[in-house]
Number of protein chains: 2
Amino acid sequence: MKDTRIKILDAAQDLVQRVGVNAMSYKHISDTVGIRKASIHHHFPKKENLVDELLKRCQLSYGAYYNDIVRGSDSAPEKLRKLATVFENGLSNQKLCLVGSISTDSSTLQEHSCRILEQSIQNTVTIFATVFIQGKKECSLSFTETAEDAAFAFFSFLVGTQIVARSCGGTEFFHKAAQIIIDALEK
Amino acid sequence: MKDTRIKILDAAQDLVQRVGVNAMSYKHISDTVGIRKASIHHHFPKKENLVDELLKRCQLSYGAYYNDIVRGSDSAPEKLRKLATVFENGLSNQKLCLVGSISTDSSTLQEHSCRILEQSIQNTVTIFATVFIQGKKECSLSFTETAEDAAFAFFSFLVGTQIVARSCGGTEFFHKAAQIIIDALEK
DNA sequence: TTAAAAACCTACTAGTAGGTAGGGTAGGTG
DNA sequence: CACCTACCCTACCTACTAGTAGGTTTTTAA
C-alpha cells in the first residue's frame with residue numbers, strides 16, 4: 001500500500017498539532033493507523049525523518065492554501081481576515097498551526113529540522129507579504145517597516161493568538177483579537 | 001535549607017522556558033540543583049504540583065513586574081514598548097514567556113493546572129488592559145472592541161512573536177514586529 | 001512461475017520518565 | 001534525655017520512549 005505512508009503522516013500531523021512534537025510518539029501513531037510500531041520505522045527510520053517530512057509536506061500544502069487566498073480578488077484586509085479564519089478553524093478543532101506547534105519545541109529539534117522549520121516560516125511570510133504589498137498599493141493597509149516585516153508580525157500574531165486562545169477564551173477571543181489587529185492595520 | 005525549594009523552582013522555570021514543560025524532567029532539575037531526583041519529590045511529590053506552583057509564582061512575579069511598567073508615568077504607546085521589551089529580553093536568552101511555553105503543551109496538562117494557567121492569562125490581560133484604557137483616554141491609542149480585547153490581542157502577539165522569532169529572525173525580527181503592531185495601534 | 005523487493009510482523013534492546021519504599025541524619029522541642 | 005520533623009539519600013518499580021534484529025507475508029516484475 002502506498003497510502004500507509006500518508007496515513008502515518010496524517011496521524012503524526014494531527015498529534016503534533018494537538019499535543020506537540022515531543023508528546024507525539026510512534027506508539028500513538030501505530031494505534032491510530034492500525035499498524036505495528038516497528039512498521040512505522042520501515043517508512044520513517046528515525047523520528048527526525050518523520051518530523052522533517054511533516055514540515056516539508058505542510059510547507060507545500062499550507063503554502064498552496066495560503067496562495068489561493070492571497071491570489072484572490074479580495075481587498076488586502078479581506079485577505080487578512082481569510083488567513084485568520086484558517087487559524088480560527090484549526091483552533092476550533094483544538095489544533096495549532098504545525099509550524100507554531102513545532103516552533104515551541106524547537107530547542108529539542110535536530111539542526112536540519114530547525115533549518116526546514118526556518119524555511120517554512122520564511123516561505124509563509126513571503127506569501128503573506130504579498131497581501132501587505134497589495135495593501136500598500138491600494139492604500140487599504142497602513143504599516144511602518146517593510147511588507148515582509150508586517151507579514152512576519154501578522155503571522156506571529158496568528159500563531160500566538162491560537163496558542164493563548166486555546167488555553168483561554170477559545171475561538172471567540174481569537175476572532176475578536178484578529179479583528180482588532182486587522183482593524184489597526186487597516187487605513 | 002529553605003532555599004532548596006526555591007532553587008528547584010528556579011531550575012524548573014528555566015527549563016520550562018527553554019525546552020517546554022514536557023521536556024523538563026526531575027532528572028534535569030536534580031543535575032542543576034545538585035540534589036538527588038527523589039529529594040525533589042520530597043518538595044514536590046508530583047510534577048503537577050511543581051507546575052502549579054511555578055505558574056502561581058510567575059503570576060505573582062511577572063504580575064508585579066508588569067504592574068511597575070503599567071503604573072508608570074509614560075504614555076500608553078511607550079508602556080506597550082516597555083512591555084514588549086520584557087519579552088524581547090527573554091528571547092535574547094532563548095527563553096519564552098512561561099505562560100506561553102506552558103500554553104502550547106496545555107493539552108498534556110491536568111485540569112487544575114489549566115485553570116491556573118487560564119487565570120494567569122486573564123490576570124496578565126487585565127494588567128495590560130489598563131494601558132489600553134489609558135491610551136483611549138489620552139487618545140494615544142486607537143482600537144476597535146474593548147480594552148480587554150485589545151490587551152488580549154497584544155499579549156497573544158507578544159507570545160507568538162517570541163515563539164516564531166526564536167526559530168526565525170531572533171530579537172531583530174521581534175523588535176521590528178513589535179514596532180509595527182504598536183505603530184498600528186497608535187493613533 | 002519464480003525471484004526479488006517492499007511491507008509488515010514479533011520480540012527485543014537500552015534509555016528515560018515519574019514515582020515509591022525505606023533508611024540515615026541534622027536540628028529543634030517536649 | 002528522647003522524640004519528632006524536615007531533609008536527603010540509595011535502591012527500586014512500572015510505564016513508556018526510540019530504535020533494532022530478524023523472520024514472514026504480500027506485492028511486483030521478469
Side-chain angles (χ1 to χ4, degrees), chain A residues 1-55 101-102 104-114 116-117, chain B residues 1-55 101-102 104-114 116-117:
Chain A
M1 287 253 192
K2 181 70 185 174
D3 58 4
T4 297
R5 191 186 175 81
I6 292 168
K7 280 184 192 168
I8 293 171
L9 284 168
D10 288 342
Q13 183 176 335
D14 189 83
L15 280 165
V16 170
Q17 294 187 279
R18 282 183 205 280
V19 300
V21 69
N22 283 327
M24 176 268 286
S25 74
Y26 275 33
K27 175 71 167 56
H28 289 133
I29 298 172
S30 78
D31 286 343
T32 55
V33 175
I35 203 181
R36 294 292 157 159
K37 193 169 71 75
S39 305
I40 302 172
H41 281 281
H42 170 73
H43 295 276
F44 303 97
K46 314 256 171 189
K47 197 180 177 182
E48 34 183 304
N49 304 132
L50 214 185
V51 172
D52 285 3
E53 209 134 330
L54 217 51
L55 279 167
S101 175
I102 294 184
T104 58
D105 296 322
S106 65
S107 54
T108 61
L109 252 52
Q110 300 278 111
E111 242 193 75
H112 50 90
S113 303
C114 285
I116 301 172
L117 177 64
Chain B
M1 289 252 190
K2 182 68 185 174
D3 58 4
T4 298
R5 191 186 174 82
I6 292 169
K7 279 184 192 168
I8 293 171
L9 283 167
D10 288 342
Q13 183 175 335
D14 189 82
L15 279 165
V16 169
Q17 293 186 281
R18 283 184 205 280
V19 301
V21 69
N22 282 326
M24 175 269 285
S25 74
Y26 275 33
K27 176 71 168 56
H28 288 133
I29 297 172
S30 78
D31 286 343
T32 55
V33 175
I35 203 180
R36 294 293 158 157
K37 193 168 71 76
S39 305
I40 303 173
H41 282 282
H42 170 73
H43 296 275
F44 303 97
K46 313 258 170 186
K47 197 180 177 181
E48 33 181 306
N49 304 132
L50 214 185
V51 172
D52 285 3
E53 210 136 328
L54 218 52
L55 279 167
S101 176
I102 295 185
T104 58
D105 295 322
S106 65
S107 55
T108 62
L109 252 52
Q110 300 279 110
E111 241 193 76
H112 51 90
S113 303
C114 285
I116 301 173
L117 177 64

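It should be emphasised that the depicted structure is a prediction, and the values quoted were computed from it without experimental measurement. In what follows, chains are A, B, ... by sequence order, proteins preceding strands, each numbered from 1.
When the P atom of C/dT20 is taken as reference, atom NZ of B/Lys47 falls 15 Å away, rounded to whole Å. Atom CZ in A/Arg36 sits roughly 17 Å away from atom C1' in D/dG22 (whole-Å rounding). For the pair A/Ile29 CD1 and D/dA18 C1', the computed distance is 11 Å after rounding to whole Å. Between the CG atom of B/Asp3 and the P atom of D/dA6 there is a distance of 17 Å, given to the nearest Å. Distance CD1 (A/Ile8) to C1' (C/dA7): 10 Å, rounded to an integer number of Å. Straight-line distance from the OH atom of B/Tyr26 to the P atom of D/dC9: 15 Å, rounded to whole Å. Rounded to whole Å, the distance from CD on A/Glu48 to P on D/dT17 is 18 Å. Nucleotide C/dA7 holds its P atom 9 Å from the CZ atom of A/Arg5, rounded to whole Å.
Of all nucleotides listed (D/dT10, D/dT20, D/dC7), D/dT20 comes nearest to the side chain of A/Ala38. The side chain of B/Lys46 sits closest to C/dT20 out of C/dC8, C/dT20, D/dT10. In this structure, the nucleotide among C/dC8, D/dT20, D/dC9 sitting nearest to the side chain of A/His41 is D/dT20. Checked against C/dA7, C/dC9, C/dA17, the side chain of B/His28 finds its nearest nucleotide in C/dA17. Closest to the side chain of A/Thr4, out of C/dG18, D/dC8, C/dC8, is C/dC8.
Smallest separation of non-hydrogen atoms from B/Ser113 and B/Leu55: O-CD1, 3.8 Å. Listed here is the closest heavy atom pair of A/Pro45 and A/His41: O-ND1, 2.8 Å. Here the closest heavy-atom approach between residue A/Val33 and residue A/Ala11 is recorded as CG2-CB, 3.8 Å. Nearest heavy-atom pair, A/His112 versus A/Asp52, reported as atom, atom and distance to 0.1 Å: ND1-OD2, 2.6 Å. Here the shortest heavy-atom pairing between B/Val21 and B/Ile102 reads CB-CG1, 4.5 Å.
The shortest distance between the side-chain N/O atoms of B/His42 and the OP1/OP2 oxygens of D/dC8 is not below 4.0 Å. When the side-chain nitrogen and oxygen atoms of A/His43 are compared with OP1 and OP2 of C/dC8, one or more of them lie within a distance under 4.0 Å. For B/Lys27, no side-chain nitrogen or oxygen approaches OP1 or OP2 of C/dT16 to under 4.0 Å. In terms of phosphate contacts, A/Ser39 brings a side-chain nitrogen or oxygen within less than 4.0 Å of OP1 or OP2 of C/dC9.
Among the atoms of the strands shown, only primed sugar atoms or phosphate atoms (P, OP1, OP2) are found under 4.0 Å from some heavy atom of B/Ser25.
Evaluation of atom-type donor-acceptor distances gives a pair under 3.5 Å for the side chain of A/Lys37 against the base of D/dA18.
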